[in-house]
Amino acid sequence: MQILNQFKMELPAKSANESFARVAVAAFIAQLDPTVEEISDIKTAVSEAVTNCIVHAYKEKMGYIYITVRMLAGGRISVKIKDKGCGIPDIKQAMEPLYTTAGGERAGLGFAVMQSFTDKLTVRSAVGKGTTVLFHKQIRSRQ
Amino acid sequence: MQCKIDVTGNMVTAFLDGEIDHHTAKDLREQIDLAIEQHMPANLMLDFRNVTFMDSSGIGLVMGRYRNMQQFGGKVHILNPSPSIKKVLRLAGMDRLAAIENN
Ligand SMILES: Nc1ncnc2c1ncn2[C@@H]1O[C@H](COP(=O)(O)OP(=O)(O)OP(=O)(O)O)[C@@H](O)[C@H]1O
Ligand SMILES: [Mg+2]
């Protein structure tokens, strides 16, 4: 897999950084000349994954969120969002639409949004170690 | 985040503004719920015309207000969402809970 360009950042899991994280990723991929819809899809997926780190992974203890964005051959991008938080005991269940452990104000649709707005989504997790969400998206406006 | 709230007759309109995410949803929720509690309107209008971004935290915001309004038989209307906001609302099936309208 050829990496044409890459961007990494780490941020403390503070809700004020949700907006910065998605805008930073969007600014990096702007060089591929994505459509408005592609940018919006990517920002939304990033926002979901970053918010999950803040709301779920680091609910008990503060920690960092690690983001890697890669530009691959043919206008494909990959985005990896990783935390060292509590982990997910049952990934399949967690990814089911409307499943949430937060209750009340959360819809339980974050993973469903990520899945629908990206081309491929992979989730790896270990309880007590953390979670990694990786997604790919083809930027089609590129010639 | 501040949001302007108008009350006319049996209708409360909340003019949402900017980006709705986990960080901003809490303030919006508190302001809208206060207005619902005070006025018990027949209709809650959530005007999205100035909303530039929304993720599932926004879905949670709409769903929660829908539940609150349902308690006394009130209805929720979603006004003027942009195409990207509409995409998120549709995915969540919000168009089945609330009327999506343009004005
Ligand atoms: N990074 C993470 N660390 C630990 N648990 C997670 C993480 N991401 C998701 N989860 C778990 O998976 C569940 C489903 O996540 P999802 O994003 O789909 O819904 P939600 O965050 O609960 O609600 P919403 O995203 O709609 O506000 C969460 O409730 C949580 O239990
Ligand atoms: Mg979520």
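Reminder, nothing fancy here: chain letters follow the sequence lines and each chain counts from 1. Just so it is clear, the structure is predicted and the values come from calculations on it, not from any experiment.
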Study note, to complete from the structure: Contact list (residues 55-64 of chain B to chain A, heavy-atom gap under 4.5 Å, by number) returns B:Asp55, B:Ser56, B:Ser57, B:Ile59, B:Gly60, B:Leu61, B:Met63, B:Gly64

Check your understanding: Should we count NZ of A:Lys82 as having more than 12 external heavy atoms under 6.0 Å?
Key -> no

Review point. Side chain, backbone, both or neither: which part of A:Ser47 has an atom under 4.5 Å from a heavy atom of chain B?
Key: both

Point to revise | residues 91-103 of chain B: residues contacting chain A (heavy atom under 4.5 Å, by number) | key: B:Leu91, B:Ala92

Practice item. Might you confirm whether atom CD of B:Glu37 has over 12 heavy atoms from other residues, nucleotides or ligands at distances under 6.0 Å? Key: no

Review point. Chain B: which of A:Asp41, A:Asn17, A:Val36, A:Leu98 shares the most heavy-atom pairs with it under 4.5 Å?
Key: A:Asp41

Check your understanding: Say you draw a straight line from OG of A:Ser19 to NE2 of B:His22; how long is it, rounded to the nearest 0.5 Å?
Key -> 13.5 Å

**Study point:** Exam field: side chain A:Glu18 to backbone B:His23, donor-acceptor pair closer than 3.5 Å
**Key:** yes

**Study point:** Toward chain B, the part of A:Val50 with a non-hydrogen atom under 4.5 Å
**Key:** neither

Review point. If you count the non-hydrogen atoms of other residues, nucleotides and ligands that lie under 6.0 Å from CD in A:Glu37, is the total more than 12?
Key: no

Practice item. Nearest 0.5 Å please: distance from the CD atom of A:Glu105 over to the CZ atom of B:Arg65. Key: 4.5 Å

Practice item. Check whether more than 12 heavy atoms from other residues, nucleotides or ligands sit under 6.0 Å from atom CZ of A:Phe7, and answer yes or no. Key: yes

Review point. Should we count NZ of B:Lys26 as having more than 12 external heavy atoms under 6.0 Å?
Key: no

